[in-house]
Amino acid sequence: MKQTAVRLPNATYDRLRALASGSGRTATFHIREAIDRYLEDLDDLNAVKAAANEHRESGGRTLSLDELDDYLGLED
């Protein structure tokens with residue numbers, strides 16, 4: 001496992017320590033979880049951007065949110 005050091009503002013560090021103390025998990029656990037979730041979100045965002053670009057380049061038109069809801073079968 002690789003290691004790195006991260007400098008946090010005092011307020012962020014204090015919040016992290018309080019979270020760790022209250023959850024029974026280590027600060028390191030919460031840092032890893034936060035980074036993993038952030039990276040997953042970035043991967044998802046990049047995939048959506050790539051799909052949107054591909055859709056546009058293939059001549060597809062932009063859908064309104066209501067049209068997208070209808071297309072996906074989502075209800076209000």
Side-chain angles (χ1 to χ4, degrees):
M1 184 176 300
K2 303 276 184 177
Q3 291 185 3
T4 190
V6 177
R7 293 181 187 266
L8 299 173
N10 290 340
T12 303
Y13 180 77
D14 292 343
R15 289 175 61 200
L16 179 61
R17 297 283 295 171
L19 173 65
S21 176
S23 69
R25 299 279 191 154
T26 65
T28 300
F29 169 84
H30 291 291
I31 292 168
R32 284 185 191 140
E33 284 291 307
I35 292 171
D36 284 343
R37 288 181 187 189
Y38 177 77
L39 293 174
E40 287 175 12
D41 288 348
L42 281 180
D43 288 343
D44 291 345
L45 178 60
N46 288 331
V48 167
K49 285 180 178 179
N53 286 336
E54 184 178 315
H55 178 72
R56 262 192 301 282
E57 290 170 1
S58 69
R61 71 177 185 83
T62 302
L63 300 177
S64 71
L65 184 55
D66 288 336
E67 290 172 320
L68 181 59
D69 284 347
D70 289 343
Y71 176 77
L72 296 173
L74 301 175
E75 297 188 23
D76 295 324

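Between the OG1 atom of Thr28 and the CD atom of Glu33 there is a distance of 12.0 Å, given to the nearest 0.5 Å. Note: Thr4 OG1 to Lys2 NZ = 11.0 Å, rounded to the nearest 0.5 Å.
The number of heavy atoms from other shown groups lying within 6.0 Å of CG (Asn46) is above 12. In Phe29, the CZ atom is crowded: over 12 heavy atoms of neighbouring residues, nucleotides or ligands sit closer than 6.0 Å.
Between the side chain of Glu54 and the backbone N or O of Ala51 there is no donor-acceptor pair closer than 3.5 Å.
No side-chain heavy atom of Asp44 sits less than 4.5 Å from a side-chain heavy atom of Leu42.
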Give every donor-acceptor pair under 3.5 Å between a side-chain atom in residues 16-25 and any protein atom, sequence neighbours left out.
unit_1, atom_1, unit_2, atom_2, d
Ser23, OG, Leu19, O, 3.0
Ser23, OG, Ala20, O, 3.3
Ser23, OG, Arg25, N, 3.2
Ser23, OG, His30, NE2, 2.8

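Hydrophobic clustering (side-chain heavy atoms under 4.5 Å, transitive across Ile, Leu, Val, Met, Phe, Trp, Tyr) groups Ile35 together with Val6. Under the 4.5 Å side-chain contact rule for hydrophobic residues, Val48 and Leu65 do not share a cluster.
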